[in-house]
Amino acid sequence: MCERQNSEMLSLKSEHEDTTEKFRGLQMNLDTTYKELAELRKAHAVNESSAQKAALAAEGQAREELKVALEQHRVQSERREEALLSEIEDLQHSMRRAEQQAARREDNFRQEIADLQQRLQEGESRNQELSQSVSLATTPLLRQIENLQNT
């Protein structure tokens, strides 16, 4: 039995050594896997951080572009408003000038009408006077013609 036990012991010892070696191999594999997992987690964290940084950078750039576009639009709006105000001012000035010219023309026309009415009255008065003077001048002639015809 001793030999058998010896042989079993050797067999168990050999099995123990194999198992111990397998355990060491598995332990090394496990350690390596843990290291790889830690490295993967670290790389993932770096990638996630990079992605967040990229997203924040893109958002910041988009905001800046929007700010620039908004500022350009504001400047354009101000320029357009200034141009429109200037145009309104020019149109108001032109309208005042046109109103003044129209008022002057109206005054001139009124004066011309008054002058023409006065000339008309003077002409009618002269015509009346001439009519009367013709009538007075022709009356003796008509009498003479009448007398001549009667004789």
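Here the structure is a predicted model, which means the values were calculated and not measured.
Checking Asp107 against Gln111 by side-chain atom types alone, no donor-acceptor pair falls below 3.5 Å. One side chain, Arg97 or Ser94, offers a donor N or O that lies under 3.5 Å from an acceptor on the other.
Between Glu59 and Arg63, at least one side-chain N (NZ, or NE/NH1/NH2) sits under 4.0 Å from a carboxylate O, which counts as a salt bridge. Ion pairing between Glu39 and Lys35 fails under the 4.0 Å rule for side-chain N and carboxylate O.
Here the side chains of Glu71 and Val75 are in contact, with some heavy-atom distance below 4.5 Å.
Looking at every heavy atom in both residues, Ser135 comes nearest to Thr138 through O-OG1, 3.2 Å.
Judged purely by atom type and a 3.5 angstrom limit, Ser11 has no side-chain atom pairing as donor or acceptor with the backbone of Ser7. No donor-acceptor pair under 3.5 Å is formed between the side chain of Ser131 and the backbone N or O of Gln128. With hydrogens and angles disregarded, no donor-acceptor distance shorter than 3.5 Å links the side chain of Ser86 to the backbone of Glu82.
Shown here is Arg74, whose CZ atom has more than 12 heavy atoms of other residues, nucleotides or ligands within 6.0 Å. When the shell of 6.0 Å around CD of Glu21 is examined, it contains 12 or fewer heavy atoms from other residues, nucleotides or ligands. Around CD of Glu89, the count of heavy atoms belonging to other residues, nucleotides or ligands within 6.0 Å does not exceed 12. Other residues, nucleotides and ligands place more than 12 heavy atoms under 6.0 Å from the CD atom of Glu122.
Grouping Ile, Leu, Val, Met, Phe, Trp and Tyr by side-chain contacts under 4.5 Å, direct or through others, puts Leu30 with Tyr34.
Going from atom CE of Met28 over to atom CG of Asp31 covers 8.5 Å, rounded to the nearest 0.5 Å. In this structure, CZ in Arg143 is found 12.5 Å from CD1 in Ile145, a value given to the nearest 0.5 Å. For the atom pair CG of Asn147 and CG of Leu142, the computed distance is 11.0 Å after rounding to the nearest 0.5 Å. Atom CG of residue Asp18 and atom CG of residue Leu12 lie 11.5 Å apart, to the nearest 0.5 angstrom. Within the model, atoms CD of Gln27 and NZ of Lys22 stand 16.0 Å from one another, a figure rounded to the nearest 0.5 Å. The line from CG of Asp90 to CE of Met95 is 13.0 Å long, rounded to the nearest 0.5 Å.
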Audit row: Gln76, Arg79, side-chain contact (heavy atoms from CB on, under 4.5 Å) steps and yes/no: CA-CA 5 Å; Gln76 271 184 336; Arg79 285 183 184 153; 5.5 Å; no
